[in-house]
Amino acid sequence: MIDPRVASGLRDLPPAQAVPRERMLKVLREVFGRFGFLPIETPHIERVEVLTGKGAGSDEVLRQIFDVTNKGGTAGELALRFDLTVPLARFIAKHVEQLGTPFKRYAIGSVFRGERPAKGRFREFTQCDFDTVGSESVVSDAETAQVIHDSLQAMGVPSFVIAINNRRILDGLLETFGVESRKAAVLRSLDKLAKVGREAVLAGLHRGEAEGGAGLAETQAEGVLRFVESGRGGLEVLDAVQGTLGSNPSAAAGLENLRAVLGLLAAAGVPEGRVVVDLGLARGLDYYTGIVFETTVTGWERFGSIASGGRYDNLASLFTTRRLPGVGASIGLDRLLALLEEAGWLGGSISTAPVLVAQFPGTELSVVFSAAARLRTAGVGAELFPEPIAIGKQMGYGSTRGHRFGLIIGPDEATAGVFNLRDLKTRQERKGLPLADLEAIVASALNEPA
RNA sequence: GUGGCUGUAGCGUAGCGGUUAACGCACCAGAUUGUGGAUCUGGGGAUCGCGGGUUCAAAUCCCGUCAGCCACCCCA
């Protein structure tokens with residue numbers, strides 16, 4: 001016997017998970033489409049050179065990448081994509097002349113990372129990316145947050161917060177303290193504030209670079225931290241920063257951007273409190289240059305971000321000399337589903353056909369087979385039970401699968417040209433309905449509230 | 001990739017050196033051969049993750065390995 005297990009970090013999805021997942025994908029496509037984003041597809045496998053940025057790729061990427069080898073091919077040439085942004089960069093570089101800008105696309109698909117799996121963290125997971133390439137407008141910045149908001153809302157996530165910040169404010173901060181050269185290490189430390197607390201962050205900032213710290217003097221570390229700590233909230237946070245960093249051109253630009261974004265989102269009717277400024281939000285990815293986003297579900301912060309992204313100055317610089325700024329985000333569908341499932345918010349019927357047509361022992365098979373076919377033709381999902389077993393068993397099957405109605409045609413009904421329609425929830429049964437009006441009767445019954 | 005915790009029927013657990021591994025839920029059958037989630041009765045299902053070692057004897061101790069979880073790292 002071969003052990004039917006799957007490898008670490010990979011999983012099977014039974015209908016109870018696959019059905020809600022399909023529904024969410026449908027919702028996401030609708031929302032993306034409503035904003036004018038168009039779908040694209042790129043291969044799951046890319047050339048390693050593309051993924052790693054020709055050797056210039058970070059160690060982190062190299063560590064997480066899955067190699068793919070085909071017999072006869074060149075070893076180490078191909079690998080599985082680890083996100084959808086790098087493939088987008090390659091895609092846009094190749095096709096921008098035909099597509100023109102601004103170009104808004106969405107892409108939904110599996111990505112692969114050779115990480116150590118944990119809760120809500122897998123080695124294959126689906127990303128739902130949307131990006132606007134070729135515009136530096138604040139419209140796109142605000143729209144990105146709005147799409148995140150509308151998506152989560154439409155998927156039925158009860159309560160969430162989209163944190164925003166602007167890298168340029170942080171740039172200004174670092175310039176002011178004269179520590180631009182330590183940017184990456186400083187941001188990495190600050191990003192952890194909510195998680196590890198102020199003392200740990202302070203220690204990280206102060207610790208020497210050799211030990212993985214940022215190597216800041218104590219006054220610098222304290223100052224930088226104090227600044228970040230001052231800010232999580234709405235416009236008042238921006239006003240406060242205006243006073244301390246407003247004279248720095250970079251910070252001023254960042255502040256103006258966030259102010260405009262908050263204004264537009266309010267104008268679009270995004271509820272107050274759904275989007276908050278968080279000056280400590282940095283995001284590890286070093287290609288972000290402007291606004292950044294990170295979204296958590298209220299009460300489930302330990303699952304980490306379920307939707308995040310940001311603005312980048314020049315997405316495709318590895319692939320073309322043409323400068324292509326853009327902004328976008330990615331919704332982590334699998335993490336969100338894992339969260340909703342654990343929170344018990346997934347519920348609902350998993351049946352995709354509302355009517356279960358029973359196969360009554362003794363009834364001519366063609367009678368029920370054609371009844372099911374007629375319903376489907378009329379656009380009503382109908383499942384014919386495949387075995388002529390005890391009728392109660394069949395009703396039980398329909399009930400546990402979440403079918404709304406059981407349709408019963410016994411030998412007596414068949415002779416009389418009628419059918420019975422049983423509500424599987426209330427156990428109420430309407431009997432002797434004319435078979436000639438099958439479609440109309442069932443359709444109208446389905447329109448009644450459950 | 002580093003460190004730690006865990007691994008017993010589909011799921012959740014008990015047993016933690018000594019006869020045929022226990023319980024709940026789920027599943028199947030019957031009471032109920034034209035009507036399902038209750039009750040009762042009966043039943044199937046586990047080489048105790050896998051491999052090796054210690055011992056007269058291992059689910060139980062040791063080592064390795066795989067998987068899950070936690071922290072670091074990173075991120076959806």
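Chain naming here is simple, since letters A, B, ... match the order of the sequence lines and numbering starts at 1 in each.
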- Query: Contacts to RNA chain B from residues 411-422 of chain A, heavy-atom cutoff under 4.0 Å, which residues?
  - Reply: A:Asp412, A:Glu413, A:Asn420, A:Arg422
Does [N] have a Watson-Crick or wobble mate here (both distances under 3.5 Å), and if so which one?
N      : result
B:rC23 : B:rG12
B:rU47 : none
B:rG3  : B:rC70
B:rC61 : B:rG53
B:rA31 : B:rU39

Please report the distance separating the [atom1] of [N] from the corresponding atom of [M], rounded so that it comes out in whole Å.
N      : M      : atom1 : value
B:rA76 : B:rU2  : C1'   : 23 Å
B:rG17 : B:rG7  : P     : 15 Å
B:rA58 : B:rG53 : P     : 12 Å
B:rU13 : B:rG18 : C1'   : 23 Å
B:rC27 : B:rG44 : C1'   : 9 Å
B:rG15 : B:rC48 : C1'   : 10 Å
B:rG42 : B:rG4  : P     : 49 Å
B:rU8  : B:rA59 : P     : 15 Å

Which part of the nucleic acid, if any, lies within contact of [X], taking any heavy atom under 4.0 Å across all strands shown: a base, the sugar-phosphate backbone alone, or nothing?
X        : answer
A:Gln394 : nothing
A:Thr126 : nothing
A:Ile331 : nothing
A:Ala307 : sugar-phosphate
A:Phe303 : nothing
A:Leu333 : nothing

- If a protein heavy atom is under 4.0 Å from the base, mark B; if only from the sugar-phosphate, S; if neither, -; do that for nucleotides 63-69 of chain B going 5' to 3'. ---SSSS
Round to the nearest Å and state the distance from [X] atom [atom1] to [N] atom [atom2].
X        : N      : atom1 : atom2 : result
A:Glu341 : B:rC11 : CD    : P     : 14 Å
A:Phe82  : B:rC75 : CZ    : P     : 11 Å
A:Asp423 : B:rU35 : CG    : P     : 18 Å
A:Leu407 : B:rU35 : CG    : C1'   : 13 Å
A:Lys393 : B:rG34 : NZ    : P     : 13 Å
A:Met395 : B:rG37 : CE    : P     : 13 Å
A:Tyr397 : B:rC27 : OH    : P     : 14 Å
A:Arg21  : B:rA76 : CZ    : P     : 17 Å

For residues [X] and [Y], determine if any side-chain heavy atom of one lies less than 4.5 Å from a side-chain heavy atom of the other.
X        : Y        : value
A:Phe405 : A:Glu429 : no
A:Leu424 : A:Arg404 : no
A:Lys183 : A:Asp171 : yes
A:Phe360 : A:Asp412 : no
A:Gln428 : A:Arg422 : no

Do the side chain of [X] and the main chain of [Y] share a donor and acceptor less than 3.5 angstrom apart?
X        : Y        : answer
A:Glu22  : A:Val19  : no
A:Thr295 : A:Ala307 : yes
A:Arg168 : A:Gly290 : no

- Task: Tell me whether the centres of the aromatic rings in A:His149 and A:Phe160 are closer together than 6.0 Å.
- Result: yes
- Message: Suppose we call two aromatic rings close when their centres sit under 6.0 Å apart. Are A:Phe112 and A:Phe82 close by that rule?
- Response: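 They do not qualify: ring centres at least 6.0 Å apart.
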- Over 60° means perpendicular and under 30° means parallel, so classify the ring planes of A:Phe37 and A:Phe130, tilted if in between.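 Plane angle over 60°, so perpendicular.
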- Query: Is a donor-acceptor contact shorter than 3.5 angstrom present between the side chain of A:Arg113 and the base of B:rC75?
  - Reply: no
- Message: I'd like to know if A:Glu115 reaches the base of B:rA76 with its side chain such that a donor and an acceptor end up less than 3.5 angstrom apart.
- Response: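 Such a pair is found, so the answer is yes.
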- Query: With nearest nucleotides of RNA chain B determined for A:Pro361 and A:Thr295 from heavy-atom distances, which residue corresponds to the more 5′ nucleotide?
  - Reply: A:Pro361
- Got a sec, which pairs hit salt bridge (charged side-chain N to carboxylate O under 4.0 Å, His left out) with one end in residues 151-165 of chain A, sequence neighbours left out?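 Every pair satisfying salt bridge (charged side-chain N to carboxylate O under 4.0 Å, His left out) with a residue in residues 151-165 of chain A: there are none.
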- Query: With centres under 5.5 Å and planes under 30° as the test, does A:Phe360 stack with B:rG34?
  - Reply: no
- Message: So, OP1 or OP2 of B:rA76: does either fall under 4.0 Å of a side-chain N or O from A:Ser305?
- Response: no
